[in-house]
Amino acid sequence: MPSKTEFAYNAMISGYLQNGLMDEAKRVFDKMPVKNIVSWNVILSGYLQNGLLDEAKRVFDEMPVKNVVSWTTILSGYIQNGLMDKAKRVFDEMPVKNVFSWTTILSGYVQNGLLDLAKRIFDEMPVKNIFSWNVILSGYMQNGLMDEARRIFDEMPNRDSVSWATMIGGYGQNGDNKEALRFFIEATRDWERLNTCAFAFVLSTCADIVAFELGKQIHGRVVKGGIEFKCNVGNALVSMYCSCGNIKEAYDVFKRIEDKDVISWNTIINGYARHGYGQEALQHFDSMKQTSIQPDEITMVGVLTACSHTGLVDKGTHYFYSMSQDHGIEPDIKHYNCLIDLLGRAGRLDEAQNLVKSMPFEPNGVTWTCLLSASRIHESTELGEKAAKMLLSLEPWNTSLYVLLSNLYAASGRWEDVKKMQLKMRGMGITKTKGSSWVKVLNKVHTFCVGDFTHPDSKSICAFLEELDLRMISISAHSWKSWIRGRKRTDMSPQQTFVLHDVEEEELLHTLKYHCERLVVAYGIMKIPSGRPVCVFKNLCGDRTLTKIAGRLIILRDVGRFHHFEGGVYNCGSYW
DNA sequence: ATAGGGTTAG
């Protein structure tokens, strides 16, 4: 019974290949007494998946018989290895094509961003199935053509979970988070429409819009579905919790992910780094090195960010200069920017500027933003002006820069320049954007502008604010805590958080700014039940005085990172 | 045995 033997051998080869054991697979293949077409196709696929293109080509040429599967396998292999020209030639030469072959070449064009060619193939295809429809759908989404994608989605003869996930992910990646959420909710009407990717995508949207409540609810569904340990879902959860300021929950999820991949590690390392937990970030980097997962350039961004945010200048510098040797990762502009930020924050402004001059890349917007921020921390008008001007030349639409420059001139008494800047702004029709802060209460966003009392609950907010004012002036953390306790009757969990994010413009009077922050904080405390975090957002540097308002953990979110205060102690010490 | 969606940093 030779066919049965071949079947067993073929299964063995497949098994080895699935576990990445190419050599074992080859050994079995070579010793097979009789090979059938499946054996040849399987080993061909193995070579291609391992990037052994010359070997694959040899096998393909040596095959005693080729069928449409053999041709499609090598076609797909070329595409996966980035050889689109070769793939095209194979596709044209194939004696017989089936729907797999057509879909493969279609996918090749989509993957290479050649949407017009993909469209042509899609129209020419003699037979289409749901795979083909999903590929073209994804093609439109990848090119930002959301309306076209929507038309395809409506037109397709039927839709499966991949179609739904493509829509959710596509809208999210193109910045239409509202539509992404709408599609996710629509998908939840039928369990069949959901898969792990749908959850990963929607969680990514939650991270993007900092939808903590919704994210938590979705986490609940994920647990119910038993997929929280899945890598892609787990990674998205970790990222969502990090973005929402909840690093502890993020770590809880991270711990439980099965088969952590490089993204899992990157997410937690970068999460710790953004939250100012430099030591934890570096510890996880060390743990990562104990695994078989190789750090990549994003890992190094996290490591350098960790050093930068915690003032580990020497350590950061060392990581930067040895990353090529230690991990085979050549520093790119991202890493240079991290190092510039590191030096800048540490007040080593000259070194930072020299690095900008000597690095092998053109400085980009991030570079100048780092220098700008360094100039603010260390009060260097000269550097600030230069950085702001450079940034303005790259981002002329960035209206806040005009305001910033004008303030900078004002601060050093250069009234002529202030006037010029103001004229320029007027000429360009730039009006000062009004500072605002917002708070989410059960996923509803409440926005407050400075001195704006149009919110329906304004009256009670003001009353509460007065009470808050009395309590906030120079009171100790302890008395504040007991006051809150009294007010809430129930005990507050120590994990309760404020996430504060500065939305105001720097030039606003401090009192006004403070006032505005208080409006949201007050509203948040009033409306958000105890046991839930109060998330308040602002977009510039946060105000340290806010530490006073709590005898519990405060998380302050400013431009790109989080500051943790626990019992009045800042987790980065005196290093802002 | 051959085809689709995949989460991270900025």
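Quick note on labels: first sequence line is chain A, next is B, and so on, each numbered from 1. Values in this document were obtained by computation on a predicted structure and should not be read as measured data.
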(request) State which of B:dG4, B:dG10, B:dG6 makes the closest approach to the side chain of A:C197. (result) B:dG6
(request) Report the nucleotide, chosen from B:dA9, B:dG4, B:dA1, that has the shortest atom-to-atom distance to any side-chain atom of A:V38. (result) B:dA1
(message) If you take the centroid of each ring, where Trp contributes its six-membered ring, are A:F153 and A:F183 closer together than 6.0 Å?
(response) yes
(request) Give one of base, sugar-phosphate or nothing for A:N337, where a contact means two heavy atoms less than 4.0 Å apart. (result) nothing
(request) Measure the distance from CD1 on A:I43 to P on B:dT2 and round it to the nearest whole Å. (result) 13 Å
(request) Starting from C1' on B:dA1, measure out to CD on A:Q49 and report it in whole angstrom. (result) 11 Å
(message) For a quick check of understanding: with a heavy-atom distance under 4.0 Å over all strands, which category does A:N129 fall into, base, sugar-phosphate or nothing?
(response) base
(message) Is it the case that the side chain of A:N50 and the backbone of A:L52 share a donor-acceptor pair, with hydrogens and angles ignored and the cut-off at 3.5 Å?
(response) no
(request) For A:K97 and B:dT2, give me the distance from atom NZ to atom C1', rounded to whole Å. (result) 15 Å
(message) I want to know whether A:F122 and A:W102 have ring centres closer than 6.0 Å.
(response) no
(message) Let's test your reading of the model: under 3.5 Å, does the base of B:dA3 pair with the side chain of A:N98 as donor and acceptor?
(response) no
(request) Among the candidates B:dT7, B:dG4, B:dT2, find the nucleotide nearest to the side-chain atoms of A:F201. (result) B:dT7
(request) Using a heavy-atom cut-off of under 4.0 Å over every strand shown, decide if A:C231 touches base, sugar-phosphate, or nothing. (result) base
(request) Side chain of A:V366 only, please: which of B:dA1, B:dG10, B:dT8 is the nearest? (result) B:dG10
(request) Output the single nucleotide from B:dA1, B:dA3, B:dG4 whose closest atom is nearest the side chain of A:V42. (result) B:dA1
(message) Rounded to whole Å, please give me the gap between CG in A:D259 and C1' in B:dG6.
(response) 15 Å
(message) Any N or O donor-acceptor pair under 3.5 Å from the base of B:dG6 to the side chain of A:N235?
(response) no
(request) Could you pull out all residues at least two apart from A:S70 that satisfy side-chain contact (heavy atoms from CB on, under 4.5 Å)? (result) A:I37, A:N41, A:F60, A:M63, A:K66, A:N67
(message) On the nucleotide B:dT8, are OP1 or OP2 found under 4.0 Å from the side-chain N or O atoms that A:S204 carries?
(response) yes
(request) Go through A:F201 and A:Y171 one step at a time and tell me if the side-chain contact (heavy atoms from CB on, under 4.5 Å) criterion holds. (result) CA-CA 9 Å; A:F201 284 136; A:Y171 279 121; over 6 Å; no
(message) Any side-chain N or O of A:S45 below 4.0 angstrom from OP1/OP2 of B:dA1?
(response) no
(request) Compute the centroid of each ring, for A:H327 and then for A:Y319, and state whether the two points are separated by less than 6.0 Å. (result) no
(request) Give me the ring orientation class for A:H284 and A:Y251: parallel if the planes are under 30° apart, tilted from 30 to 60°, perpendicular past 60°. (result) perpendicular
(request) Give the rounded distance in Å between these two atoms: CD of A:E395 and C1' of B:dG10. (result) 12 Å
(message) Base, sugar-phosphate or nothing for A:T103? Non-hydrogen atoms, less than 4.0 Å.
(response) base
(message) Whole angstroms only, please: what is the CZ-C1' distance between A:F122 and B:dA3?
(response) 13 Å
(message) Starting the side chain at C-beta, find the nucleotide from B:dT7, B:dA1, B:dA3 nearest to A:Q173.
(response) B:dT7
(request) For A:D160, report the nucleic acid contact type (base, sugar-phosphate, nothing); a contact means any heavy atom under 4.0 Å. (result) base
(message) With hydrogens left out and only the distance checked, is there a donor-acceptor pair under 3.5 Å joining A:N232's side chain and the base of B:dT7?
(response) no
(message) Counting only side-chain nitrogens and oxygens, does A:S76 get under 4.0 Å of the OP1 or OP2 atom of B:dA3?
(response) yes
(request) Examine the base of B:dA9 for any acceptor or donor lying under 3.5 Å from a partner atom in the side chain of A:N270, and report the outcome as yes or no. (result) no
(message) Distance check needed: B:dG6 P versus A:E258 CD, whole Å only.
(response) 22 Å
(request) Give the rounded distance in Å between these two atoms: CZ of A:F229 and P of B:dT7. (result) 22 Å
(message) Determine whether a donor-acceptor pair (one donor, one acceptor, N or O, separation below 3.5 Å) exists between the side chain of A:N67 and the base of B:dA1.
(response) yes
